[in-house]
Amino acid sequence: MSDTSQDQPVVDENHLIAERRAKLAKLRETGQAFPNDFRRDALADDLVTLYGERESAWFDANVIDVKVSGRMLAKRVMGKASFAKIQDHSGQIQLFLQQTALADTYEAFKGWDVGDILAGEGTLFKTKTGELSVKVTTLRLLVKSLRPLPDKWHGLSDHETRYRQRYVDLIINAESRKVFSTRTRIIKYLRSFLDAMDFMEVETPMLQVIPGGATAKPFVTHHNALDMQMYLRIAPELYLKRLIVGGFERVYEINRSFRNEGLSTRHNPEFTMVELYQAYADFRDLMDMVERLLHGLCDTILGTRSIEWEGQQLDLAQPFQRVTVEDMVVQYTPGIERDKLRDVGYLRTWCDQLKIAYKDNDGAGKLQIEIFEKTGEHRLIQPTFVYSYPAEVSPLARRNDADPFITDRFEFFVCGRELANGFSELNDAEDQAERFHEQVSRKSDGDDEAMFYDADYVRALEYGLPPTAGLGIGIDRLVMLLTNSNSIRDVLLFPHMRPET
RNA sequence: GGGUUGGUAGCUCAGUCGGUAGAGCACUGGACUUUUAAUCCAUUGGUCGUGGGUUCGAUUCCCACCCAACCCA
């Protein structure tokens with residue numbers, strides 16, 4: 001519990017809340033206002049599944065006693081009989097309440113509010129209209145809700161409130177609950193997929209002395225006892241590869257990383273990735289794995305490999321297209337000449353033309369990627385692997401054997417968005433040391449996204465990293481794809497927001 | 001970072017060519033023993049995002065700012 005006495009926030013109050021507070025005050029006078037001695041023995045949706053199809057007469061011959069509880073979402077008082085709909089985590093079921101059966105409790109119920117949490121005990125039956133309901137013999141108020149719920153018909157549509165008060169969104173919007181249960185199913189599938197391949201799930205530091213594994217701005221924090229600056233990780237990569245050095249040949253981690261960047265429909269400062277590393281594999285093995293994983297997810301989660309996303313029809317049934325970065329640059333930049341793609345001066349003239357800003361020390365590889373991101377990336381709607389990324393922008397990836405300008409690295413795009421990034425790992429310690437030096441000189445030239453030199457990581461490589469391939473998949477974006485969500489905030493339970501004013 | 005749109009009752013939304021603001025639902029009171037957004041009758045409810053400016057008067061016009069959504073970089 002935190003101490004808020006210093007600056008007690010002013011909470012919005014209104015007559016609706018005042019009335020409910022008065023009701024709560026009366027409850028306190030008559031006994032325990034927040035009882036916790038009721039135990040239900042049935043869930044709403046289980047009852048509907050088990051008994052929903054039974055005829056009305058069946059219930060006359062079979063007395064089914066149930067104890068249910070949940071939040072009241074509808075209340076219809078009709079004189080000496082009433083209906084209430086309660087919702088538990090499985091679904092909803094209707095309660096039928098009669099004055100003759102409930103006496104004083106019935107009168108009390110008339111004063112209870114939508115949003116209150118009730119417990120009902122009684123027998124199952126079907127109403128005239130055929131809705132499975134509980135004819136209640138004992139009714140209790142378990143929790144008095146002090147705040148009114150949104151409009152029962154229009155619901156809650158205001159994005160800001162849905163994100164800031166997700167609990168209200170979850171009470172009201174079934175679609176929202178669905179997105180998050182799907183998110184959990186996706187992550188469960190991913191775990192079982194990797195576990196079945198004998199991968200081991202591990203946890204590595206989020207609080208790091210040297211943030212590594214990606215080019216991004218880190219969050220900075222401070223460790224008081226050690227009096228030192230620390231960082232929230234931007235990726236788990238370097239620790240996971242240390243584990244491969246240690247002999248755990250297949251490892252993965254599903255957890256948060258943090259990047260100190262702006263907010264958008266595609267970016268949250270903290271986001272979830274799976275990173276996995278597999279010894280004795282290369283980047284092509286990982287492209288195959290991504291394909292199998294996506295197929296399995298489609299089959300298991302959606303039941304189809306044809307996805308509608310933002311009005312676009314995506315075909316995930318076929319093997320995914322595989323093309324090189326230079327192919328993409330040529331294809332989506334009409335007029336650019338393939339045999340000059342490694343000529344810095346030539347690429348600069350294209351950057352000028354495309355209004356792409358570049359730095360003096362940007363080489364051909366960096367400029368290629370800038371051009372691709374400007375002209376090609378957003379056009380990769382159907383699932384596509386783009387591979388052969390320049391070594392210049394891939395400081396942790398293994399160089400291609402035939403062409404040292406590029407690495408054995410790919411990124412995977414769907415809907416014009418990067419969903420995954422994988423490569424054959426650089427396991428030449430001396431090459432890695434050189435690449436770190438390059439990054440450090442970029443950093444001293446003012447590139448605050450450039451990497452730090454991680455001497456311990458180089459030392460680990462010097463013991464020998466087996467030939468290894470590594471992959472990272474953005475879980476939030478994957479969930480967006482599979483739930484047809486167009487904003488990352490729709491797949492994060494508590495997305496980052498600016499403070500309320 | 002740039003552009004567009006929005007912020008009015010608890011919720012969903014109207015509206016005011018500048019004269020202290022409305023509806024539906026919710027709430028409160030009443031009627032009603034099989035409802036499904038129950039229905040019917042009668043009420044209650046607002047610092048019109050915040051701060052300035054213009055004006056006799058601003059929720060409305062102007063400026064700045066805050067928050068959000070969407071698009072672009």
Side-chain angles (χ1 to χ4, degrees), chain A residues 10-24 26 48 56 59 72-87 92-103 106-107 109-116 122-136 144-169 171-173 261-268 310-311 351 354-358 370-371 373-375 377-379 416-417 485-490 495-501:
Chain A
V10 181
V11 181
D12 51 311
E13 291 276 354
N14 59 56
H15 77 279
L16 298 170
I17 295 173
E19 277 153 12
R20 291 180 176 214
R21 281 195 196 283
K23 290 175 183 177
L24 174 60
K26 279 199 174 163
V48 172
S56 184
F59 294 98
M72 178 160 65
L73 289 186
K75 178 189 170 198
R76 294 183 282 273
V77 178
M78 255 148 299
K80 297 185 176 63
S82 294
F83 294 89
K85 194 152 269 186
I86 61 168
Q87 173 171 280
Q92 301 184 350
I93 192 157
Q94 181 169 263
L95 306 183
F96 180 57
L97 314 165
Q98 291 170 295
Q99 187 181 52
T100 48
L102 297 170
Y106 186 79
E107 295 311 309
F109 166 79
K110 288 186 186 174
W112 298 353
D113 295 290
V114 169
D116 289 352
T123 54
L124 288 179
F125 78 112
K126 281 225 166 154
T127 63
K128 266 204 274 199
T129 54
E131 177 162 351
L132 183 71
S133 305
V134 181
K135 187 173 288 181
V136 174
K144 181 72 210 163
S145 168
L146 296 176
R147 289 180 176 267
L149 289 175
D151 189 285
K152 65 187 171 191
W153 184 243
H154 298 98
L156 178 64
S157 57
D158 181 64
H159 281 94
E160 191 168 348
T161 310
R162 290 184 53 209
Y163 298 147
R164 288 192 196 279
Q165 296 180 252
R166 182 67 87 186
Y167 38 91
V168 179
D169 179 45
I171 290 170
I172 291 294
N173 292 321
E261 294 159 3
L263 304 166
S264 80
T265 50
R266 303 177 193 191
H267 299 90
N268 196 63
E310 289 287 284
C351 285
L354 294 165
K355 298 196 176 73
I356 295 169
Y358 51 83
E370 292 289 335
I371 292 171
E373 286 179 354
K374 175 95 176 188
T375 65
E377 181 172 315
H378 65 279
R379 290 178 167 141
R417 291 162 193 206
S485 302
N486 67 357
S487 170
I488 196 169
R489 288 178 161 177
D490 292 327
H496 183 79
M497 305 284 281
R498 291 171 201 272
E500 283 182 81
T501 49

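Residue numbering restarts at 1 for every chain, and letters A, B, ... go by the order of the sequence lines. Since this is a predicted model, take the numbers as computed values, not measurements.
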To the nearest angstrom, the NE2-P distance between A:His15 and B:U43 comes to 16 Å
Sequence neighbours excluded, the answer for salt bridge (Lys or Arg N to Asp or Glu O under 4.0 Å) partners of A:Glu131 is A:Lys85
Distance between the P atoms of B:C61 and B:A14, in whole angstroms? 16 Å
Assign A:Phe125 to base, sugar-phosphate, or nothing according to its heavy-atom contacts below 4.0 angstrom with the strands shown. base
Scoring nucleotides 68-73 of chain B by protein non-hydrogen atoms under 4.0 Å (B base, S sugar-phosphate only, - none) yields SSS--S
Taking for each residue the nucleotide of RNA chain B with the nearest heavy atom, is it A:Phe83 or A:Gly155 whose nucleotide lies nearer the 5' end? A:Gly155
For B:U59 and B:A73, measure between their C1' atoms and round to the nearest Å. 36 Å
For atom CG of A:Leu149 and atom P of B:U12, their distance in whole Å: 12 Å
Give a yes or no answer on whether the side chain of A:Arg20 reaches the backbone of A:Ser145 with a donor-acceptor pair at less than 3.5 Å. yes
Could you state the atom-to-atom distance from CZ of A:Phe96 to P of B:C32 in whole Å? 16 Å
For A:Tyr106, which residues count as a ring-ring contact (aromatic ring centres under 6.0 Å, His included) partner, sequence neighbours excluded? none
Check A:Val48 against A:Gln92 and note the closest heavy-atom contact, atom names and distance. CG2-O, 4.2 Å
Whole angstrom value for the distance that separates P of B:U33 from CZ of A:Phe109: 15 Å
Indicate, with a heavy-atom threshold strictly under 4.0 Å, whether A:Gln99 touches base, sugar-phosphate, or nothing. nothing
For atom P, what is the distance between B:G6 and B:C62, given to the nearest Å? 13 Å
Go through the structure and list residues passing side-chain hydrogen bond (donor to acceptor under 3.5 Å, both in side chains) with A:Glu261, not counting sequence neighbours. none
How many whole angstroms separate atom CD of A:Gln92 from atom C1' of B:A37? 13 Å
For A:Asp490, all residues meeting salt bridge (Lys or Arg N to Asp or Glu O under 4.0 Å), sequence neighbours excluded: none
ring-ring contact (aromatic ring centres under 6.0 Å, His included) against A:Phe59, all qualifying residues, sequence neighbours excluded: none
Nearest-Å distance for atom pair CE/P, residues A:Met78 and B:U39: 10 Å
Report yes if at least one side-chain N or O of A:Arg76 is closer than 4.0 Å to OP1 or OP2 of B:A38; otherwise report no. yes
What distance, rounded to whole Å, do you find between the two P atoms, one in B:A9 and one in B:G45? 15 Å
Now, which nucleotide makes the Watson-Crick or G-U wobble pair with B:G1, with each of the two distances under 3.5 Å? B:C72
Which residues share a side-chain hydrogen bond (donor to acceptor under 3.5 Å, both in side chains) with A:Ser485, sequence neighbours left out: A:Thr483
A:Glu131 CD to B:U35 P, in whole Å, measures 11 Å
At less than 4.0 Å, is any side-chain N or O atom of A:Ser157 found next to OP1 or OP2 of B:U12? Yes or no. yes
Checking A:Lys152 now: which residues fulfil salt bridge (Lys or Arg N to Asp or Glu O under 4.0 Å) with it, not counting sequence neighbours? none
Pull out every protein N or O sitting under 3.5 Å from an N or O of nucleotides 28-30 of chain B, one pair per line with the distance.
{"residue": "B:U28", "atom": "OP1", "partner": "A:Lys23", "partner atom": "NZ", "Å": "2.5"}

Considering only the C1' atoms, how many Å lie between B:A58 and B:C70, rounded to the nearest integer? 30 Å
Note: for A:Pro148 and A:Lys85 on RNA chain B, the residue whose nearest nucleotide lies more 5' is A:Pro148
Closest non-hydrogen atom pair, A:Arg76 against A:Ala74: NH1-CB, 3.9 Å
side-chain hydrogen bond (donor to acceptor under 3.5 Å, both in side chains) against A:Asp151, all qualifying residues, sequence neighbours excluded: A:His154
Could you tell me the separation between the CD1 atom of A:Ile356 and the NZ atom of A:Lys374, rounded to the nearest 0.5 Å? 6.0 Å
If I pick the C1' atom on B:U20 and the same atom on B:C56, what distance separates them, to the nearest angstrom? 15 Å
Specify the glycosidic conformation (syn or anti) of B:U8, with syn defined as within 90° of 0. anti
Check every strand shown and say whether A:Val114 touches a base, only sugar-phosphate, or nothing at a heavy-atom separation below 4.0 Å. nothing
Could you write out each protein N or O paired with an N or O of nucleotides 22-25 of chain B at a distance under 3.5 Å?
{"residue": "B:G24", "atom": "N2", "partner": "A:Asp151", "partner atom": "OD2", "Å": "2.9"}
{"residue": "B:C25", "atom": "O3'", "partner": "A:Lys152", "partner atom": "NZ", "Å": "3.4"}
{"residue": "B:C25", "atom": "O2", "partner": "A:Asp151", "partner atom": "OD2", "Å": "3.3"}

With a 4.0 Å cut-off, would you call A:Lys75 and A:Asp116 a salt bridge? no
Taking B:C25 as the reference, what is the distance to B:U44 when you measure between their C1' atoms (whole Å, please)? 15 Å
Results of side-chain hydrogen bond (donor to acceptor under 3.5 Å, both in side chains) for A:Thr161 - residues two or more places apart only: A:Asp158
To the nearest Å, how far apart are A:Leu73 CG and B:C11 P? 17 Å
Pairwise C1' distance, B:G46 and B:G7 [rounded to whole Å]: 15 Å
Considering Watson-Crick and G-U wobble pairs with both distances under 3.5 Å, what does B:A42 pair with? B:U28
